[in-house]
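Quick note: numbers below take in every heavy atom, side chains included, and nothing from hydrogens, waters or symmetry partners. Computed from a prediction, not measured in an experiment: that's the story for all the values here.
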Amino acid sequence: MSVKKPIIVAVSGLSSNTGKTTLVCELLKRLPGWEAIKLTRGHYRSCGKDPKGCCVSDLLRDEPLIRSGREENYEAGKDTGRFWDAGAANVHWVIVGEDQVEDGIKQALSRVAAPGVVVEGNSFLDYVNADFSIMCARAGANKLKASARQTLEKADALYLSTIDDCDGATARARFDEWRDSLAIDLDFAVPVLTREGIPQLIERVRGKHECLCATSAFSASPR
């Protein structure tokens with residue numbers, strides 16, 4: 001008997017602090033019954049920041065560490081806690097070293113029992129093909145990650161977050177101004193959406209889900 005795989009929606013970032021977690025929560029609120037995966041990649045050393053805020057070096061093991069279920073990963077205010085509060089059916093926190101990303105994300109995906117899962121992270125896209133990929137960026141300046149351009153090539157949509165609740169037109173203008181200031185060409189051919197366009201994102205995700213379900217049903221039908 002074949003195992004039905006969930007639809008995978010990836011939420012990645014053009015840089016740090018681009019509103020990825022907030023967007024994941026917005027998606028989970030509108031996709032009842034879906035699960036979430038948070039991928040945290042650490043180093044076997046202190047990251048130099050507040051250990052209580054971000055460092056997971058003390059959690060790294062010889063194998064990927066995956067904490068699934070509310071009792072294992074709920075903490076109010078933290079990303080996983082926010083996923084639960086947004087309505088996730090289950091949350092899986094994947095903590096991995098640099099060379100454990102592929103094994104960790106595949107183990108976490110094998111635990112998903114829902115029809116769909118939203119995955120927050122960038123590096124896992126090197127090992128897993130998402131069914132729908134969203135790249136997040138700030139409407140203003142972004143500290144461009146080295147891998148961001150490659151990840152952007154895999155995106156189906158670019159989502160602009162703001163810190164002042166400006167309208168979509170203003171957000172796009174700010175992003176275009178920053179983009180024009182770059183010394184490199186940041187080219188892409190995907191829809192650029194803001195908070196106002198979240199319903200469009202949901203419709204596209206649902207459309208992809210229905211398409212995959214139809215394809216799966218056709219493949220499973222007797223010839």
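Closest approach of Gly33 and Pro115 over heavy atoms only: O-CD, 4.2 Å. Between Ala88 and Val91, the closest heavy-atom pair is CB-CG2, 3.7 Å. When every heavy atom of Ile105 is checked against every heavy atom of Val119, the shortest pair comes out as CD1-CG1, 3.9 Å. Residues Ala141 and Trp178 approach most closely at CA-CD1, 3.4 Å, considering heavy atoms. Between Gly81 and Tyr74 the shortest heavy-atom distance is O-CE1, 3.5 Å. In this structure, Lys20 and Val11 approach most closely via the heavy-atom pair O-CG1, 3.8 Å.
Although no hydrogens or angles enter the test, the distance criterion places no donor-acceptor pair under 3.5 Å between the side chain of Arg204 and the main chain of Phe132. The backbone N or O of Leu125 sits less than 3.5 Å from a side-chain atom of Lys154, completing a donor-acceptor pair. Formation of a donor-acceptor pair under 3.5 Å by the Gln100 side chain with backbone atoms of Asp62 is found in this model. No side-chain donor-acceptor contact under 3.5 Å links Asp103 to the backbone of Val101. Side chain of Ser12 to backbone of Gly121: a donor-acceptor contact under 3.5 angstrom is found. With hydrogens and angles ignored, the 3.5 Å screen pairs a side-chain donor or acceptor of Ser161 with a backbone N or O of Thr18.
For Asp167, the salt bridge (Lys or Arg N to Asp or Glu O under 4.0 Å) criterion is met by no residue, not counting sequence neighbours. By the side-chain contact (heavy atoms from CB on, under 4.5 Å) test, Glu26 is found to be paired with Lys29, Arg30, Arg195, Ile198, residues two or more places apart in sequence or in another chain being considered. Remark: Tyr159 engages no residue in a ring pair (Phe, Tyr, Trp, His ring centres under 6.0 Å) (not counting sequence neighbours). Applying the side-chain contact (heavy atoms from CB on, under 4.5 Å) rule to Asn90 yields the partners Glu35, Trp84, His92; only residues at least two apart in sequence or on another chain are considered. Contacts of Asp187 classified as side-chain contact (heavy atoms from CB on, under 4.5 Å), with partners at least two apart in sequence or in another chain: Arg179, Asp185.
Within a 6.0 Å sphere centred on CG of Asp164, heavy atoms belonging to other residues, nucleotides or ligands number more than 12. Residue Ile184 places its CD1 atom among more than 12 non-hydrogen atoms of other residues, nucleotides or ligands, all under 6.0 Å distant. By the 6.0 Å contact criterion, NZ on Lys208 is open, its count of non-hydrogen atoms from other residues, nucleotides or ligands being 12 or less.
Here the side chains of Val94 and Phe124 are not in contact, with every heavy-atom distance at 4.5 Å or above.
Screening Ile95, Thr40, Val96 for a side chain to side chain contact (heavy atoms under 4.5 Å, CB included) involving Leu60 leaves a single residue, Ile95.
Interatomic distance, Glu72 CD to Thr80 OG1, rounded to the nearest 0.5 Å: 11.0 Å. Rounded to the nearest 0.5 Å, atoms CG (Leu14) and CZ (Phe175) are 6.0 Å apart. With rounding to the nearest 0.5 Å, the separation of CD1 in Ile7 from CG in Leu31 is 9.0 Å. If you take CG on Leu160 and OG1 on Thr170, they are separated by 11.5 Å, rounding to the nearest 0.5 Å. How far CG of Asp176 is from CG of Leu186: 10.5 Å, rounded to the nearest 0.5 Å. Expressed to the nearest 0.5 Å, how far CG of Asn73 lies from CH2 of Trp93 amounts to 8.0 Å.
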side-chain contact (heavy atoms from CB on, under 4.5 Å) for Asp156 and Val190? Distances and angles first, verdict last.
CA-CA 6 Å; Asp156 296 290; Val190 295; 5.6 Å; no
I'd like to know whether Arg174 forms a side-chain contact (heavy atoms from CB on, under 4.5 Å) with Cys166, so could you lay out the CA-CA distance, the side-chain angles of the two residues, the decisive distance to 0.1 Å, and finally the verdict.
CA-CA 10 Å; Arg174 290 175 179 175; Cys166 66; 3.6 Å; yes
Is there a side-chain contact (heavy atoms from CB on, under 4.5 Å) between Leu27 and Ile134? Walk through the geometry before answering.
CA-CA 11 Å; Leu27 296 176; Ile134 306 168; 4.0 Å; yes
Would you sort out whether Arg111 and Ile37 count as a side-chain contact (heavy atoms from CB on, under 4.5 Å), showing the intermediate values?
CA-CA 10 Å; Arg111 298 187 182 190; Ile37 294 175; over 6 Å; no
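In summary, Arg206 and Glu203 engage in a salt bridge, as defined by a charged side-chain N under 4.0 Å from a carboxylate O.
Residue pairs meeting the side chain to side chain donor-acceptor pair (under 3.5 Å) criterion with at least one partner in residues 113-127, sequence neighbours excluded, are Thr21-Glu120, Lys38-Glu120.
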